[in-house]
Amino acid sequence: MILGLETSCDDTCAAVVDGAAVRSNVISSQGVHDRYGGVVPEIASRHHLELVNAVVDDALARADARLDDVDLVAVTQGPGLVGALLVGLQTAKGLAAARRLPLAPVDHLHGHVAATFLEPDPLQPPFLCLIASGGHTLLADVREPGDFEVIGQTLDDAAGEAFDKGARLLGLPYPGGPALEALAADGDPAAHAFPTAEGVGGLDFSFAGLKTALLYRLRDLGEARAAAARADIAASYQRAIVESLAARVERALAQTDHDRLAVGGGVAANGALRERLAALAPRVAVPAPALCTDNAAMIAAAARHVEPLPWPRYLDLDAYATGERGL
Ligand code: KG4
Ligand code: ZN
């Protein structure tokens, strides 16, 4: 049985995973960053500190387990906000050391990929994986459960960021994805032409130009006409993000010869994206929303494929903010 912790951004998460079964998956969203229009790192760290012990207790209780039942502690080591990561990492060290348990340091992106290994609809490699969240947008060629290669990634903003920034320009609340999707439901996606970064070659993504195009479109229309066309603009803007993602996925499927696609990250909740991707491969797996967004069950799932460190070798582990650990 694996106890997982994840505190890389603004969600304080703990979970208990047994094989591919999720026994509990507790996510405490801080909800205090909305008024700033984004996550404030220092505030995130302080809230993790206040919440983490209660969240771990809750995860164990919901799994009907005690710390004595845990065989391995798994924790996100990076990438993410260093102050936030350290709260989870030090908590995990304390919990593991108290029982002389081994500890598995997990790469956050490996976690997003591993969400697909979990029940109720587990998918085993090889497959192509698209991760699109507020913090990252990438394509991974997943060959083995513990071995994947990033074959495309965003050169600027993440897809979720594009949703959030677009929503903000349209006067919608943060996080913008769900709000923009709701507004787009009443709009015509063909009403406005927005760029899909076709100039960016290969499998890389770019969303910065799209956001700028929206800004100019709103300015050109003027306040009154822009207000009247909000739903059409939202639908067209959403379509540009979806098409931009789908074009790279299509290319990557052809290039890697995978016929199975897994999708993760908060943007995977988007209905238009799910519909578009479903047509691209014979098997498209999108885990439940609670496994797509940041969570600790995915960290525990990845830990099964990471070399665990025995006590006391993990005590001097450090968090990392950027990059990959090189899986
Ligand atoms: O994975 P996630 O919860 O957190 C990380 O960034 O790691 O992703 C959050 C992102 C936000 O940018 C949010 O706007 C976006 O996912 N998102 C959506 C939808 N729901 C959440 N984007 C588009 N459509 C949605 N329905
Ligand atoms: Zn994430």
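First listed ligand is number 1; within each ligand, the first listed atom is number 1. Sequential numbering from 1 along the given sequence is applied to the chain's residues. Remember, predicted model here, so these are calculated numbers, not experimental data.
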Identify the heavy atoms of Tyr314 and Leu103 that sit nearest to each other, and give their distance.
CD2-CB, 3.5 Å
At their closest point, which heavy atom of Ala246 faces which heavy atom of Leu277, and how far apart are they?
CA-CD2, 4.2 Å
Do Arg168 and Asp164 sit within salt-bridge range, that is, some charged N less than 4.0 Å from a carboxylate O?
no
Would you confirm whether His112, through its side chain, and Ile299, through its main-chain N or O, come within 3.5 Å as a donor-acceptor pair?
no
Please say whether the positively charged group of Arg217, taken as NZ for Lys or CZ for Arg, lies over the ring of Phe194, i.e. under 6.0 angstrom from the six-membered ring centre and within 45 degrees of the axis.
yes
To the Zn ion (ligand 2), the closest N, O or S atom belonging to His136 is NE2
For the Zn ion (ligand 2), what is the closest N, O or S atom on Asp294?
OD1
Run through ligand 1 for me and note each protein residue having a heavy atom under 4.0 Å from it, chain first, then residue number.
Ser133, Gly134, Gly135, Gly160, Phe163, Asp164, Pro175, Gly176, Gly177, Pro178, Glu181, Gly265, Gly266, Val267, Ala269, Asn270, Thr293, Asp294
Listed by chain and number, what are the ring-ring contact (aromatic ring centres under 6.0 Å, His included) partners of His192, not counting sequence neighbours?
none
Check the angle between the aromatic planes of Phe117 and His305 and answer parallel, tilted or perpendicular using the 30° and 60° thresholds.
perpendicular
For a distance under 2.8 Å, tell me if His112 has an N/O/S atom near the Zn ion (ligand 2).
yes
